[in-house]
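Quick note: residue numbers are just sequence positions, from 1.
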Amino acid sequence: VNAAIQDIFASQPLKEEALEAIHNEDDEAALEVAAYYGEDVTTVVFEKLQRKPLHLHYYAVILNSEKVEHIERLVEFVLQTIDVKTTNEEEKHAIRFVVTNLQDFEGVGQQLLAACLQGNEEMQYYALMAIEEWSKEALTLELLQAVKSVATNSTIKEIRQYAKQILEK
């Protein structure tokens, strides 16, 4: 079935129609289909993020690409678009979505994680969750210092302990 679908998608008219739908509409299904079949949709997704900067489906497309350069660009976008220290619920959700996915990409997004460690306890917790999955060698001095700051200054005992555990591993 997959081979048949690939043959259908590979047909030039259908492929062009799907790619046109991606450019002209907010067609999430077309994005998924194109990404599944290897089309690079990141340029279009970043264009769409300019209009809808908190649209998590676009974040997911980039994260699911598993391409470090695209994920780094997404992290930069988030840092430029959202002030981690003063977020509303929708912005917190977007940051949390990116941060929790960074655990799978060791060393990527350290500036965002450091910013989250300087934010509220919720942001600190999610940043620590991502960092915990990385080797200590992957952490920059800036990020290690931010973890140390949380380990000594967090107002929540469990978060301080969590940060200390990470520093001790």
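Under a 3.5 Å cut-off, the side chain of Arg160 and the backbone N or O of Ser154 do form a donor-acceptor pair. Side chain of Thr152 to backbone of Lys148: a donor-acceptor contact under 3.5 angstrom is found. Remark: the backbone N or O of Gln145 is not paired with any side-chain donor or acceptor of Ser149 at under 3.5 angstrom. No donor-acceptor pair closer than 3.5 Å links the side chain of Gln118 to the backbone N or O of Lys85. Using modelled atom types, no side-chain atom of Lys48 and backbone atom of Tyr58 make a donor-acceptor pair closer than 3.5 Å.
A donor-acceptor contact closer than 3.5 angstrom links the side chains of Glu121 and Thr155.
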Query raised in the report: Given the rule in the side-chain contact (heavy atoms from CB on, under 4.5 Å) test, do Tyr59 and Phe77 qualify, once you have shown the distances and angles that lead to the verdict?
Result: CA-CA 10 Å; Tyr59 287 33; Phe77 174 82; 4.1 Å; yes
Report task. Apply the test side-chain contact (heavy atoms from CB on, under 4.5 Å) to residues Leu117 and Leu143: give CA-CA distance (whole Å), side-chain angles for both, the deciding distance (0.1 Å), then the verdict. Result -> CA-CA 9 Å; Leu117 289 172; Leu143 195 56; 3.8 Å; yes
Query raised in the report: What do the steps show when you test Gln111 against Leu79 for side-chain contact (heavy atoms from CB on, under 4.5 Å), and what is the final call?
Result: CA-CA 8 Å; Gln111 288 179 309; Leu79 284 167; 3.7 Å; yes
Requested in this report: Test Asn101 against Ile71 for side-chain contact (heavy atoms from CB on, under 4.5 Å), laying out the working first.
Outcome: CA-CA 10 Å; Asn101 279 281; Ile71 296 167; over 6 Å; no
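Across Glu106 and Ala138, no two heavy atoms sit closer than the pair CG-CB, 3.3 Å. Met129 and Tyr162 get closest at one heavy-atom pair: CA-OH, 3.3 Å. Of all non-hydrogen atoms in Leu102 and Val108, the two that sit nearest each other are CD2-O, 3.6 Å. In this structure, Thr81 and Pro53 approach most closely via the heavy-atom pair CG2-CB, 3.6 Å. Taking every heavy atom of both residues into account, Trp134 and Leu113 meet most closely at CH2-CD1, 3.3 Å. Looking at every heavy atom in both residues, Ala127 comes nearest to Cys116 through CB-CB, 3.8 Å.
Val45 pairs with exactly one of Leu74, Ile62, Asp40 by the side-chain contact (heavy atoms from CB on, under 4.5 Å) rule, that one being Ile62.
The closest side-chain heavy-atom distance from Ile95 to Met123 is below 4.5 Å. Side-chain contact check for Gln50 versus Glu47: every heavy-atom pair is 4.5 Å or farther apart. Residues Glu90 and His93 have side chains not in contact (no heavy-atom distance under 4.5 Å, counting atoms from C-beta outward). Using a 4.5 Å heavy-atom threshold, the side chains of Gln110 and Glu142 count as separate. Considering only heavy atoms from C-beta on, Leu144 comes within 4.5 Å of Lys136 through its side chain. Residues Asn120 and Lys92 form a side-chain contact, since some pair of their non-hydrogen atoms from C-beta on lies under 4.5 Å apart.
Heavy atoms of other residues, nucleotides or ligands lying less than 6.0 angstrom from CD of Gln161 number more than 12.
In summary, Lys169 and Glu132 do not engage in a salt bridge, as defined by a charged side-chain N under 4.0 Å from a carboxylate O. The pair Glu76-Arg73 does not count as a salt bridge, with every side-chain nitrogen at least 4.0 angstrom from each carboxylate oxygen.
Here the CG atom belonging to Leu49 is positioned 8.5 Å from the NE2 atom belonging to His55, to the nearest 0.5 angstrom. Note: Glu158 CD to Tyr125 OH = 10.5 Å, rounded to the nearest 0.5 Å. A distance of 12.0 Å separates NE2 of His70 from CD of Glu66, quoted to the nearest 0.5 Å.
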